[in-house]
Structures are given as C-alpha cells and as structure tokens.
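Beneath this line is the structure, given in structure tokens, with notes to follow.
Order of the sequence lines fixes the chain letters, A, B, ..., with proteins taken first and strands second; residue numbering starts at 1 for each chain.
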There are 2 protein chains.
Amino acid sequence: MSDVTLRGALDTLKENGVRITPQRHAILEYLVTSKSHPTADEIYKSLASTFPNMSVATVYNNLRVFQGVNLIKELPYGDSSSRFDFVTHDHYHIICTECDKIVDFHYPGLEEVEHLASHVTGFQVNAHRMEVYGTCPICAGNVTETH
Amino acid sequence: MSDVTLRGALDTLKENGVRITPQRHAILEYLVTSKSHPTADEIYKSLASTFPNMSVATVYNNLRVFQGVNLIKELPYGDSSSRFDFVTHDHYHIICTECDKIVDFHYPGLEEVEHLASHVTGFQVNAHRMEVYGTCPICAGNVTETH
DNA sequence: TAAACTAATTGTAATGATTACAAAGTAAGA
DNA sequence: TCTTACTTTGTAATCATTACAATTAGTTTA
C-alpha cells in the first residue's frame, strides 16, 4: 500500500512542477515507508549509506519543498528537533511524555472546533493541529512487551 | 481580575515551595498581564528596564520552573522560538498564519478525544494540545480595523 | 546575630538545530 | 550544443536554548 502512497506523492510533485531527484525520491520513500516520525537528522543518517555525499541542507531543503506542496507536516517540539509526518488521512498523534514515542490514532475529525473557532474569532480557518499526551503502556509498566 | 490570577499563581509557587524572587514575580506578572503569548526573549527585553542585570538564563530557568508547577505552557513552533502561555481555564489558540497573531478561544473541551485516544492506544492520557490555523480578519482584509 | 547551608541569579561559553550562501552539478529546452 | 533554471553540496553563520561555575541572596540553626 505504501507503494501506492509513494506513487501518489511523486505525482503530486510532478503536478507542482517539482523535479524528482534521486535524493527527493529517497527522502520521500523514507517518510512513507518508515512508520516513524523522523527528524531531519534521522533521515539524513538513514540515507547516508545510499547517498554518502548528500548534505543535511538537502534534507532540510526538500522537507521544506514537501511541506510546500502539503505532502508532509512539521511537528515542532520545544526542546529537540522537529519531526516530520507524511500527510495521509485524518489522524492525530498521541505522544508518550516519557519515551517520546509517537503513535497515530484516528478520530472522526474536528471540523466542529474549526467552525466554532472561526465563528468566535472571525478567522478564516485553514487547518488545525491536535495532540494528546500521556504515558505509553510500556513506560507505564502495564505490559510485558518485549521478547 | 488579573490581580487575582497573579495572586493565585504566587500561591501556587508557595505551595510548591518555590521561592518568590523579584525576578520570578516580574516574569509571572508579565505573563499574566500581557495578553500576548510572549517568547522568552520578549519577556527578557520587556523586563530589562526594571532588571538591568537579569540574565536570559534566569528567564529560561524560571519559565521551566513555572512549567514544572503547571502555571504556564510552552507552545513550540517550527521556525522561531517557543512562546509561553499562562494556563487559565480551558482555552485553545487560533493562530494567524500571516501575522502570527495568537487569539484565544474557548471550547467545551475535548475529553472525548482523550478518552478515545486512550482507549485505542492504551496510553494513560494526561493532556492534549490543539491549535487552529487560519487568517485573521485584519490580514484577510475583511475589516477596517485601524483608522 | 552569625555561621552554615541551600537555592537563585548571573555571565558566559557551549550545544545543536536550522538556514544562508556561494560554487559546482544536472536536467531541459531552443 | 548553448543557455537557462533548478538542485545539490559544503561550509559558515545564526539563533534559541542549555550547561556550568562563580556569586549573591535567603533561610535555618545554634
């Protein structure tokens, strides 16, 4: 399935007149297939074996390009580096405050909040962001997860 | 009213055995009275006239202390510095993507989302964050605000 | 009140993510 | 092939935030 997703992403680039370079392809592929929400540095390091000469700047540049065409979203955190998430359907993130794990979960959507916010503030609303914080089962010790 | 809020905040500090220094008082007061959502640097600059010798480190240190006792929240963004918001009741933020203005709005609460997230992922949920993005009336040109 | 101890502040250096920029490479069209 | 625009690369610069050691202030105890 991620094959389809990747192809769609490449199409989006084409449609927007963005050249598909090997580096871009690789970065996109990494974002799609790795289920994680990688930092720029993680992407950089992961692709280092395939592209020994790739610059970190390239990663950042292209992450920005991808954001520009709404393929990915930046998830900024206070202390460390931003993480990047491939945009798929309506899903939200729940984040473990102990181990920083990010897990996706689906939710019907919060258009209602957008409407209310728009109504109350007079803004034209484009998007929203929402995250839930807590302790994951492993950190909570509820689960014998390993082995 | 912000008088009451400030006093409450000071009480919270006392209860948690946090010493109330002049700097802390001033930083808190600034957070309470300024309706904005200031960055650490804005706080630092604003208090520079009153505390010419105060260090940026002090601002950061104390913002962390205040976070520790849940008086304020950090709002991290991707590009620039984090902003800090005095925690009051259930309110959310709507952010203008053009001028970066942050406006508060109330919403009944999203416990439902927390419950669902907890149920689906097995996390113990503590908190959530939610923000709406859009264009404010002034930037949208809908309003003859100034004169 | 003074001594002893603890907490807070200060100044500055260090860190680390991100960006700017110039040079070199690459693709695409005329 | 020549020209032009776009990308990548390498590296230096920026900027927010933190670490840390030295100093100061507050609190406790005798």
Side-chain angles (χ1 to χ4, degrees), chain A residues 10 12-30 37-69 71-85 100, chain B residues 9-10 12-31 37-69 71-85 100:
Chain A
L10 294 172
T12 304
L13 289 187
K14 263 183 223 150
E15 284 159 20
N16 286 83
V18 177
R19 227 178 255 173
I20 297 166
T21 65
Q23 292 90 334
R24 284 184 179 156
H25 192 288
I27 296 172
L28 258 187
E29 188 171 14
Y30 184 82
H37 305 74
T39 62
D41 196 58
E42 280 166 15
I43 298 172
Y44 173 63
K45 291 220 174 71
S46 299
L47 301 182
S49 53
T50 323
F51 296 87
N53 296 324
M54 188 169 62
S55 163
V56 223
T58 301
V59 176
Y60 279 102
N61 286 342
N62 289 325
L63 287 175
R64 216 176 336 170
V65 170
F66 297 160
Q67 277 188 88
V69 296
L71 279 178
I72 64 173
K73 262 191 189 169
E74 183 178 2
L75 311 172
Y77 295 103
D79 39 354
S80 50
S81 25
S82 286
R83 301 187 159 274
F84 294 88
D85 183 41
D100 292 328
Chain B
L10 294 172
T12 303
L13 289 187
K14 262 184 223 151
E15 285 159 21
N16 286 83
V18 177
R19 228 178 252 171
I20 298 165
T21 65
Q23 292 89 334
R24 284 184 178 155
H25 193 288
I27 295 172
L28 259 188
E29 187 171 14
Y30 185 82
L31 281 160
H37 305 75
T39 63
D41 196 59
E42 280 165 16
I43 297 172
Y44 174 63
K45 291 221 174 72
S46 299
L47 301 182
S49 53
T50 323
F51 296 86
N53 295 325
M54 187 170 62
S55 163
V56 222
T58 300
V59 176
Y60 279 102
N61 286 342
N62 289 325
L63 287 175
R64 217 176 334 169
V65 170
F66 297 160
Q67 278 188 86
V69 297
L71 279 178
I72 64 172
K73 261 190 190 169
E74 182 178 3
L75 310 172
Y77 295 104
D79 40 353
S80 50
S81 24
S82 285
R83 301 187 158 273
F84 294 88
D85 183 40
D100 293 328

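A straight line from CD of B:Glu42 to C1' of D:dA16 spans 13 Å, rounded to a whole angstrom. Atom NZ of A:Lys45 and atom C1' of C:dA17 are 12 Å apart (whole Å). Distance B:Lys14 NZ to D:dG26 P: 16 Å, rounded to the nearest Å. One atom, CZ of B:Arg83, and another, P of D:dC15, lie 16 Å apart when rounded to the nearest Å. Here D:dT7 presents its C1' atom at 14 Å from CD1 of A:Ile20, a figure rounded to the nearest Å. To the nearest angstrom, C1' of C:dA22 lies 14 Å from CG of A:Asn61. Going from atom CG of A:Asn53 over to atom C1' of C:dG25 covers 12 Å, rounded to whole Å. As rounded to whole Å, 14 Å separates atom P of D:dT8 from atom CD1 of A:Ile43.
Taking only side-chain atoms of A:Ala40, from C-beta outward, the nucleotide of C:dT18, D:dT17, D:dA19 with the closest atom is C:dT18.
Between A:Ile72 atom CD1 and A:Leu63 atom CG the span is 4.5 Å, to the nearest 0.5 Å. Between the CD1 atom of B:Ile20 and the OG1 atom of B:Thr12 there is a distance of 9.5 Å, given to the nearest 0.5 Å. Going from atom OG of B:Ser46 over to atom CG of B:Asp41 covers 9.0 Å, rounded to the nearest 0.5 Å.
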| field | Criterion side-chain contact (heavy atoms from CB on, under 4.5 Å) on B:Thr21 and B:Thr58, from CA distance to verdict | value | CA-CA 11 Å; B:Thr21 65; B:Thr58 300; over 6 Å; no
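No engagement by B:Thr39 is indicated, since no non-hydrogen atom pair under 4.0 Å with the nucleic acid exists.
Contact check, B:Ser55 against C:dG11: no side-chain N or O comes under 4.0 Å of OP1 or OP2. Regarding contacts with the backbone of D:dT17, a side-chain N or O of B:Tyr60 is found under 4.0 angstrom from either OP1 or OP2.
Applying the salt bridge (Lys or Arg N to Asp or Glu O under 4.0 Å) test to pairs two or more places apart or on separate chains, none has a residue in residues 21-30 of chain B. Sorted by first and then second residue, the pairs that involve residues 37-61 of chain B and meet ring-ring contact (aromatic ring centres under 6.0 Å, His included), not counting sequence neighbours, are B:His37-B:His93.
There is a side-chain donor-acceptor pair under 3.5 Å between A:Ser82 and A:Glu74.
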Contact list (N/O, under 3.5 angstrom) for nucleotides 3-8 of chain C vs protein:
residue, atom, partner, partner atom, Å
C:dA7, O4', B:Arg19, NH2, 3.2
C:dA8, OP1, B:Arg24, NH1, 2.9
C:dA8, OP1, B:Arg24, NH2, 3.3

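Mapped onto DNA chain C by nearest heavy atom, B:Pro22 and A:Ala57 fall at different nucleotides, with B:Pro22 at the one closer to the 5' end.
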